[in-house]
Number of protein chains: 2
Amino acid sequence: MARDPKSFCSINLALEVFGDKWTLLIIRDIMLGDKRHFREILQSEEKISTNILTDRLNMLESRGILTKGNDPSHKQKFVYSLTQKGIDLLPVIAAMAQWSLKHEPVSAISQQHTQPIAEGGPELIGRLSDELATKHL
Amino acid sequence: MARDPKSFCSINLALEVFGDKWTLLIIRDIMLGDKRHFREILQSEEKISTNILTDRLNMLESRGILTKGNDPSHKQKFVYSLTQKGIDLLPVIAAMAQWSLKHEPVSAISQQHTQPIAEGGPELIGRLSDELATKHL
DNA sequence: ACAAGCAGTTGTAATAAACAAGTTGTAGAA
DNA sequence: TTCTACAACTTGTTTATTACAACTGCTTGT
């Protein structure tokens with residue numbers, strides 16, 4: 001699954017993990033939308049398909065960005081949790097949100113969701129990270 | 001070239017612009033490597049191919065992230081410059097570098113290049129943005 | 001018993017990328 | 001002035017990746 005990288009540049013290594021159209025949307029759903037199950041992520045407005053979601057969840061698990069645990073309420077259900085490596089993607093998400101809010105036609109709903117994170121500064125990011133850590137780790 | 005987005009979520013809109021394996025490497029080269037010509041970007045260690053570079057440069061120009069100007073020293077040479085929209089990607093690059101430096105096997109050379117940007121904090125980003133503005137705008 | 005919900009699989013089509021070669025024009029040296 | 005290297009592409013072919021839709025097999029709650 002993880003082939004050898006084109007280079008060991010920090011930017012390239014990051015892109016080899018989440019440099020595609022779907023991976024960070026999944027992280028966003030888990031991180032900001034508090035979605036923890038396959039079906040919940042599937043229902044997001046971008047309409048990711050099941051095989052891509054399966055593929056990316058497995059990839060993210062194999063790279064140590066999230067973990068997959070059993071849901072006691074349903075034997076065929078899994079709970080996806082972020083690792084610290086996954087939680088540490090919050091600043092990346094925040095920076096991307098900030099850029100889009102300035103330069104792209106972000107919807108009012110998304111603006112409400114992401115503006116605080118984008119403009120909250122390092123302290124807010126720190127607080128949210130701590131919250132995520134108690135929830136997920 | 002730019003199809004209608006899957007959603008108007010800020011994260012998704014960003015991904016539709018630079019959510020691929022190559023685009024941000026080009027931005028990195030222009031921004032941090034001070035590469036301004038086609039051939040210079042082509043020579044980076046990731047060995048992007050000419051058709052992809054052409055495609056991405058045109059896409060980035062059409063989206064207002066960079067501009068293409070004539071090089072007075074050579075009539076068939078173009079100089080690629082960042083716009084403000086392009087310069088504003090610096091925090092995204094910095095966040096990605098910070099994540100990789102913490103979690104991925106970044107080479108010593110890349111570490112030297114990106115650690116200052118990743119850990120310099122908002123003031124350094126501000127200063128670098130100003131530098132880029134005088135160089136490119 | 002059965003419909004609804006669960007994660008995941010399979011097959012096929014569409015898209016993107018890699019690779020090799022060619023194009024058109026420029027610049028500088030012999 | 002012709003030769004060579006270089007500039008940014010462009011084209012065509014092959015390969016790899018991704019997307020979409022339909023379908024599995026298992027598990028719940030009614």
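Protein chains get the first letters and strands the later ones, always in sequence-line order, with residue 1 at the start of each.
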| query | Under 4.0 angstrom, heavy atoms only, what part of the nucleic acid is K68(A) near: base, sugar-phosphate, or nothing? | reply | sugar-phosphate
| request: Would you mind telling me which residue lines up with the more 5' stretch of DNA chain D, K75(A) or W22(A), judged by nearest nucleotide? | output: W22(A)
| Does any N or O in the side chain of S110(A) come within less than 3.5 Å of the main-chain N or O of S10(B), such that one atom is a donor and the other an acceptor? | yes
| What is the distance from CZ of R56(A) to P of dG8(C), rounded to the nearest Å? | 15 Å
| Comparing L57(A) and K6(A) on DNA chain C - which has the more 5′ nearest nucleotide | L57(A)
| said: Measure CG/N51(A) against C1'/dT17(D) and give the value in whole Å, please. | reply: 12 Å
| Test item: side-chain donor near acceptor, S81(A) and K135(A), under 3.5 Å | no
| query | Side chains of S44(B) and K35(B): do they bring a donor and an acceptor to under 3.5 Å? | reply | yes
| field | Over-ring placement of K68(A) relative to F78(A), 6.0 Å and 45° cut-offs | value | yes
| said: Quick check: on DNA chain D, is the nucleotide nearest H74(A) upstream (toward 5') of the one nearest K47(A), or the reverse? Name the residue that is more 5'. | reply: K47(A)
| query | Whole Å only: how far is the NE2 atom of H37(A) from the C1' atom of dG8(C)? | reply | 16 Å
| message | In this structure, how many angstroms lie between the C1' atom of dT10(D) and the CZ atom of F38(B), rounded? | response | 10 Å
| note | Picking from dC9(D), dA8(D), dG8(C), the nucleotide nearest the side-chain atoms of T50(B) would be dC9(D)
| Nearest-nucleotide 5' precedence on DNA chain C, I52(A) against K77(A) | K77(A)
| query | Donor-acceptor pair under 3.5 Å: do we get one between T54(A)'s side chain and the base of dT9(C)? | reply | no
| message | Tell me the interatomic distance from L53(B), atom CG, to dA8(D), atom C1', rounded to whole angstroms. | response | 9 Å
| message | What is the distance, to the nearest angstrom, from the CD atom on Q76(A) to the P atom on dT24(D)? | response | 16 Å
| field | Euclidean distance, atom NZ of residue K21(A) to atom C1' of dA19(D) [Å, nearest integer] | value | 13 Å
| query | Rounded to whole angstroms, how far apart are CZ on F78(B) and C1' on dT26(C)? | reply | 12 Å
| Under 3.5 Å: donor-acceptor pair, side chain of N58(A), backbone of T54(A) | yes
